2 protein chains.
Amino acid sequence: MLYKESHILILNNVSRFINLTELEKQKYISLLTEINIKRKAFLMQAGDITSYEYFITKGCLKVYTLDDDGAPHISMFAVEDYWTGDMASFMTKEPTRYFIKATEDTELLGISRANYELLFQEIPKFERFYRMLYQKSLISYIRRSNHGISLTAEERYIEFKTKYPNIVNRITQKDLAGYIGITPEFMSKIITKVNRR
Amino acid sequence: MLYKESHILILNNVSRFINLTELEKQKYISLLTEINIKRKAFLMQAGDITSYEYFITKGCLKVYTLDDDGAPHISMFAVEDYWTGDMASFMTKEPTRYFIKATEDTELLGISRANYELLFQEIPKFERFYRMLYQKSLISYIRRSNHGISLTAEERYIEFKTKYPNIVNRITQKDLAGYIGITPEFMSKIITKVNRR
DNA sequence: GAAAAAAAATGAACTAGTTTAAGACTTTTA
DNA sequence: TAAAAGTCTTAAACTAGTTCATTTTTTTTC
């Protein structure tokens, strides 16, 4: 069977942890929903109860919250081959505190809550897939939050640039400030300073 | 069959997510190792390759790294009914960057890397248990690191005190400073200020 | 392709948290 | 139980990053 590009991408992602038979692949794909959103459109907004987890096949999204003063705090940028969503709201059916907004026209594959549960019944191997996916996410999350703590804003900027050279060029300086955890003004000063070298 | 207190605690913990038969319970327990360490002893030190994941049945531990200046950054305090360890080192067999030190005499149940793999073969339900455990950890980790970002040190202190009243009294002010992310001197000022109210 | 909107740069005044240093208090150890 | 080691407090000088206000540059929209 011939698969679409987006399906090949997600099947490759899954195959990092588990092997699927041809039948299982087709079953899995049948549980996914294709979603396309335009630049500046929201995939979710604070207050929504989200019913999907998403895999990005093309484009770029920013995931952020607004603090009490209305200032945005960006928790991640998600591009092709990334998983995103709000797992807390997805699991508990409580309203999310997150906004997820496309910074480019974006194509996604979504799995609904109902199909997520179904998936474990139909292909129990996916318990293992998600166990390993979450384990890996947890490791990199812990590493990131622990590593960042002792660095200055300038060091965090240089680190981001080095680690994600492909993302830096796709986002605004202002959004990067929101991710690094500083004001856009200070971000501007840092960039001027670093580039002068 | 009659179980030890420590075994009852871990079985209750597991039963939040999966149900085990009597036989499975006994099998599970047979894969665990009992470990006791004295106050001030290390469960692991930076450079070690850790071969266990741990469940605490009694006592208190602090998990921390040292930054380039040798200042400690505490990433968690772990007490009874908590899981701890360094998953990154456990999974990849790379040396850990963490120190885990007992702040009280502590009793743990450990599962070795070999038995962890065996567990999934013998009782596949544990894929589901760990999938759900990691999912839950990920949710609270994300929540914590995102929530903390916009608060002042004073607000983070009040939040910690409210959320973990049982832990505050078991740790030093200095260690709390290492967790909140400030100097012990500033921690002292905050506490004086908050108590004056 | 002109007008409007948003992003970036710059600078001056400000603040949350650090650093250093020294003395008081508490806990641990021999 | 005395000495040593570690913890806590206080205070003054300092710095990384914020806030606010203005101008320039870039991007978006019609």
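Hydrogens, waters and symmetry mates are skipped; everything else that's a heavy atom, side chains included, is used. Numbered from 1 within each chain, the chains take letters A, B, ... in sequence-line order. Everything quoted here is computed from the prediction, not taken from an experiment.
- Within a heavy-atom distance below 4.0 Å of DNA chain D, no residue of residues 70-80 of chain B is found.
- Checking B/Glu159 against B/Thr162 by side-chain atom types alone, no donor-acceptor pair falls below 3.5 Å.
- Remark: B/Tyr157 pairs with no residue by the ring pair (Phe, Tyr, Trp, His ring centres under 6.0 Å) rule, at least two apart or across chains.
- Between A/Lys125 and B/Glu127 there is no salt bridge, since none of the side-chain N atoms of the basic residue sits less than 4.0 Å from a carboxylate O of the acidic one.
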TODO: Between protein and nucleotides 15-22 of chain D, map the contacts as a letter string: B base, S sugar-phosphate only, - none, heavy atoms under 4.0 Å, written 5' to 3'.
DONE: --BBBB--
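- Contact between the side-chain N/O atoms of A/Ser188 and the OP1/OP2 oxygens of C/dA9 is found at a separation under 4.0 Å.
- In terms of phosphate contacts, A/Thr192 brings a side-chain nitrogen or oxygen within less than 4.0 Å of OP1 or OP2 of C/dT10.
- Side-chain contact check for B/Glu185 and B/Ser188: no donor-acceptor pair (N or O, by modelled atom type) lies under 3.5 Å.
- Note that A/Arg131 lies in the cation-pi zone of B/Phe120, set by a 6.0 Å cut-off to the ring centre and a 45° limit from the axis.
- Overall, the helix from C/dG1-D/dC30 to C/dA30-D/dT1 carries an axis bend of 70° between its ends, with five pairs at each end and the value rounded to 10°.
- Relative to the ring axis of A/Tyr64, A/Lys62 places its NZ or CZ within 45° and under 6.0 Å from the centre.
- The aromatic rings of B/Tyr116 and B/Tyr130 sit perpendicular to each other, their planes meeting at more than 60°, with 30° as the lower class boundary.
- At a cut-off of 3.5 Å, with distance as the only test, no side-chain donor of A/Thr65 or A/Arg97 sits close to an acceptor on the other residue.
- A ring-centre distance under 6.0 Å is found for A/Phe126 and A/Tyr28.
- Within a heavy-atom distance below 4.0 Å of DNA chain D, the residues of residues 166-174 of chain B found are B/Gln173, B/Lys174.
- No option in A/Lys40, A/Arg39, A/Arg170 other than A/Arg170 meets the salt bridge (Lys or Arg N to Asp or Glu O under 4.0 Å) test with A/Glu104.
- No side-chain donor-acceptor contact under 3.5 Å links B/Asp105 and B/Asn36.
- Within the 6.0 Å centre-distance limit, the rings of B/Tyr179 and B/Phe77 are counted as a close aromatic pair.
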Task: Sugar-phosphate or base contact per nucleotide [nucleotides 23-30 of chain C; S, B, -; heavy atom under 4.0 Å] - done: -----S--
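- The existence of a salt bridge linking B/Glu80 and B/Lys58 is excluded, since no basic side-chain nitrogen approaches an acidic carboxylate oxygen closer than 4.0 Å.
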